[in-house]
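Structure first, then comments.
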Amino acid sequence: MKQLNLPQIFISLHLILPAILAFITLINLSSNLIIPYLALTIVITSQLVFSSHSILGEQKSIFLYLFGLLVSLGCWFKYSIYSIFPQMNFPEPIGSFQLGSSQESTVLWVSTIGITGILSAQLLYDFYIKKHKFHYQTESIQINNQIKPGIIILLITIGVALINLKYNILLFALKPDIQLPFKGNVFFFLFMTRGLPFLFLFFCLRKFNLVYIALGSIVFSIFSIGVLSRMGIFVYFFTIFFLVICELPNWNVKKILKNIGALAVIFSISTYLCVSLSTGAREFFFNKNKKNESIQKVTDISMNEILVQSNKSDNLTILKKLALGRWIGVEGVMAVNSYPNKGYDLLFNALLEKSYKGNSFYSSISSKDPESINTSNVIVTSVPGPIAFFYYSNSYILIFFALLISSLFYVFTERFLASIFPMQFSSITFITIALTMDFYQFGISPIAFTKYLFFTLFSVIIFRLLIKLKSHL
């Protein structure tokens, strides 16, 4: 362990890899983009280095590391890749933005300002907030004590996934076939995608255990397939990633090689199955629903384009498109940049969006032909991401402080959850990652987003109170 110095290697990778990609990108940039691109590179690299160092200590912030990483992938990494390979098209709509125009430098500066807000939150955390100590803990439990709830949760997950696939209570990108009373569709969805995974992690994975990690990969894969999503296994991967980071100081070299090798096998198999089955299910349901669509053709939907191309390309090409298209960020900033009527009125109107049934508020900004979107039962929309959303205001100061304050809110939320579940690292990490992913995809129906956020927190608190009440009986 000392010879490998894994913590130092881990931190160094967050410096070396961006430096290599930045060097290659700079060769392909025009002179007017070099300074803004370098500024963006310095900011994202600083944020990644600080957060990677922080994540290795007891006073870690999972939100700051993951959110900073995702935003960097969406803004800086994606822009770098498409600068190196200009023949590729951005997978998400960019409105009327003209690639190669002088406004590209503005897009880079806006991205830099937003990520600077995240970096500022990281610095406040490192030099002030984490001095008020608390630390994550994991709990050692016997494997035999947890097999029964694990199997029960697995069977329930299979059951609700089959029900959702059969009756379409709430499938990704599809209008529901039935409407349950009292917002039952949303509650059903949250129970399947958050409640069951949370319960599994709470009862079965309080400490690193390869058997239960393998079982968990099945649970997460099944609920992902059950809602036509590939996000579940991604969230689970990061949950286990942070658990490994927490456990790493207790492992010797032999144990590291054994556990990392086993995890590579588990996630290779589960990711392949989850992605392939979810994609197959999407194609089936999308094609089925499109048979009943109106004469007006559905256009400008990147996911549909990916699905069409997947039938003509090899698996490597499909995975490449999904990998590059998943990250949210730079296209949203481009689309908003090209919109002429930015201002506080635009931001205020966007904040009032409660929900959408086809065309979202952002569709009118990002799409060249918003009236032709989502005319069938298939509902797919792009999302701007938080930086682009606050760019509606056309205020750089607002972008900076919005990202700073939002990041600090999630930091304190994370610490609050860790304080009420001091021996539940995996389950609270899962909730933190879920909330991080929600905010990373922020920009569509902010009111609905706020309801999801507080309902999730309320449910976790109620569960904690019930557990505490049970322990006193």
Problem - Between Phe267 and Tyr236, ring centroids under 6.0 Å - result: yes
Handout entry: Donor on one side chain, acceptor on other, Glu414 and Ser61, under 3.5 Å
Key = yes
Handout entry: Residues in salt bridge (charged side-chain N to carboxylate O under 4.0 Å, His left out) contact with Asp438, at least two apart in sequence or another chain
Key = Arg194
Handout entry: Residue pairs involving residues 394-413 (criterion side chain to side chain donor-acceptor pair (under 3.5 Å); sequence neighbours excluded)
Key = Tyr344-Ser395
Handout entry: Side chain proximity check, Ile55 to Phe10, heavy atoms < 4.5 angstrom
Key = yes
Handout entry: Trace of the side chain to side chain contact (heavy atoms under 4.5 Å, CB included) decision for Leu205 with Ile240
Key = CA-CA 10 Å; Leu205 200 58; Ile240 301 306; 3.6 Å; yes
Handout entry: Neighbour count above 12 (heavy atom, 6.0 Å) for Phe409 CZ
Key = yes
Exercise for the section: Count the heavy atoms of every other residue, nucleotide or ligand shown that sit under 6.0 Å from CD1 of Ile447, and state whether that count exceeds 12. Expected result: yes
Handout entry: Ring-face cation of Lys60 near Tyr65 (centre distance under 6.0 Å, axis angle within 45°)
Key = no
Practice task
Identify, with sequence neighbours excluded, every residue that meets side chain to side chain donor-acceptor pair (under 3.5 Å) alongside Thr41.
Solution key: Trp76
Handout entry: Neighbour count >12 (heavy atoms, 6.0 Å) for atom CD1, Ile178
Key = yes
Problem - Qualifying residue, where the test is ring pair (Phe, Tyr, Trp, His ring centres under 6.0 Å) with Phe449 and the options are Phe442, Tyr440, Phe389 - result: Phe442
